[in-house]
Undergrad: 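Handing you this structure, nothing more for now.
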2 protein chains.
Amino acid sequence: MAETSAASPKATSKKMRRQEAEALILSAAEKVFAEAGFGGATMQLIADVAGLPKANLHYYFPTKELLYRQVVQKIFQIWLQAADIFDQADGPEEGIGAYIDAKMEISRRHADGSKVWASEVMHGAPVIQDYLETTLTDWTNGRIEVIERWIAEGRMAPIDPRHLLYMLWATTQHYADFGHQIDTLNGGSPLNDKQWEAAKSNIKTIILRGIGATE
Amino acid sequence: MAETSAASPKATSKKMRRQEAEALILSAAEKVFAEAGFGGATMQLIADVAGLPKANLHYYFPTKELLYRQVVQKIFQIWLQAADIFDQADGPEEGIGAYIDAKMEISRRHADGSKVWASEVMHGAPVIQDYLETTLTDWTNGRIEVIERWIAEGRMAPIDPRHLLYMLWATTQHYADFGHQIDTLNGGSPLNDKQWEAAKSNIKTIILRGIGATE
DNA sequence: GGCCTTCCTGACCGTATGGTCAAAATCAGA
DNA sequence: TCTGATTTTGACCATACGGTCAGGAAGGCC
């Protein structure tokens, strides 16, 4: 018989290793933080979703803030990985197109994490301000250089790279953060495979043509 | 001597009329909800920002949820007003261009309200789900018709109107919701007038060219 | 002034929350 | 099987929260 517990079953053995216990808790926490925000989330609810007693959470994550911090860092890593695609590309059409695909995939597969990230930034980034000032700033400046090179080479129109990046982030992230609104306007159902493809396609068409990277 | 109280001084007279008291509280609430989210906001903090005793808040707004609901409705009204611009326009370049300007102005002037709205939708719209299903759905369908007409008239490329609207919402809203991130990447300072103009200009250039509404 | 309505507020209440702790359970290795 | 380290957990605690209430203060109107 299968477990009837909430999230993932508690595995067969009674005791868990640190790694899997932490992963289970992080996953539950991501979901709850996404749905309720940091302030609205409770350790009790996270424990219920994880199928563990609350005291057990505090064994692995001493405080709520520490748990939250790890959830945010986890999604930030995923977010940064999509960056690599930008560099491997040879020109704007390929690079930005692939970046849009990657970020849309993140919005679809990691919607909860995206929401947690958005919520964190929206509330003034109390936890990851240092990341914004170091890692994100460096990454952004690197990408700006790439885009400026493309412009200098005449491979796209002279757009302010900064605002182009914001547009890429905004548009792709929107499908996660405002997913509920999109679903509602879709008759109450989540977008299906074809609709996600249409979304990606539309975004790429508009932006790539908009920056003059395609004909 | 000037009041040293937090937000706006309590006015000269000891008693306030309903209207101004409610406006003062709504303004403070908008700020606190934006900064802390619904769950993280406390009536005590809202009271402090408004410069009133907590019990006084409950005199005008019996419950936290009722107060929150009014804050959300307030920004939704502003949001909808920007819609009119769409209809008054004669073609896509004028209509969408003006809509971008209007929504960017909202992001700048009502950043707190925008964040509250984003937060509400992100958490599944527990309070304004009915608005999404009625008012917003109607508005969206109306705009889709307009855009489809423009496409049929050959005034812009055949883009899926729905995803175009999402892009408009996402891009403009981003400057409010992720304002903190943008400010950080701007060296820690808010965008100045010139930079806001540049942002609007870039967005309009990319999108209008992207949908083939300009040459 | 007298009276009524509206507004204001300190003190209070029940509950829920983040976090603690000590004892029990489980496991790996000898 | 014994032993020490790790993990699990119910019970518990202090605090902070949303909300209540009774009584006082202020203003309008005759």
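Below, read A as the first sequence line, B as the second, and so on, with proteins coming before strands; counting in each chain starts at 1. Keep in mind it's a predicted model, so treat the numbers as computed, not measured.
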Undergrad: For nucleotides 13-15 of chain C, give me every protein contact, N/O to N/O, under 3.5 Å, one pair per line with atom names.
TA:
none

Undergrad: Can you list everything that forms a side chain to side chain contact (heavy atoms under 4.5 Å, CB included) with A:H180? Sequence neighbours excluded, please.
TA: A:T184, B:A125, B:Q129, B:L132
Undergrad: Please state whether the phosphate of C:dT6, meaning OP1 or OP2, lies under 4.0 angstrom from any side-chain nitrogen or oxygen of B:R18.
TA: no
Undergrad: The side chain of B:K64 is closest to which nucleotide in this list: C:dC8, D:dG18, D:dT8?
TA: D:dG18
Undergrad: B:M43 has an atom CE; how far is it from atom C1' of C:dA16, in whole Å?
TA: 17 Å
Undergrad: In chain order, what residues pass the side chain to side chain contact (heavy atoms under 4.5 Å, CB included) check against B:Q70, with sequence neighbours excluded?
TA: B:L26, B:F61
Undergrad: Side-chain donor-acceptor pair under 3.5 Å between A:N141 and A:E145, yes or no?
TA: no
Undergrad: Can you pull out how bent the helix from C:dG1-D:dC30 to C:dA30-D:dT1 is, comparing the axes over its first five and last five pairs, to 10°?
TA: 10°
Undergrad: Would you please name every residue forming a side chain to side chain contact (heavy atoms under 4.5 Å, CB included) with A:D112, sequence neighbours left out?
TA: A:E30, A:K31, A:A34
Undergrad: Can you see if the side chain of A:Y59 gets near the phosphate of D:dT7 - specifically, an N or O under 4.0 Å from OP1 or OP2?
TA: yes
Undergrad: Would you indicate which nucleotide in C:dG18, C:dC8, D:dT8 comes nearest to any side-chain atom of B:N56?
TA: C:dC8
Undergrad: For atom CD of A:Q73, decide whether the heavy atoms of other residues, nucleotides or ligands shown that lie under 6.0 angstrom number more than 12.
TA: yes
Undergrad: Which pairs, protein N/O on one side and nucleotides 20-24 of chain D N/O on the other, fall under 3.5 Å?
TA:
none

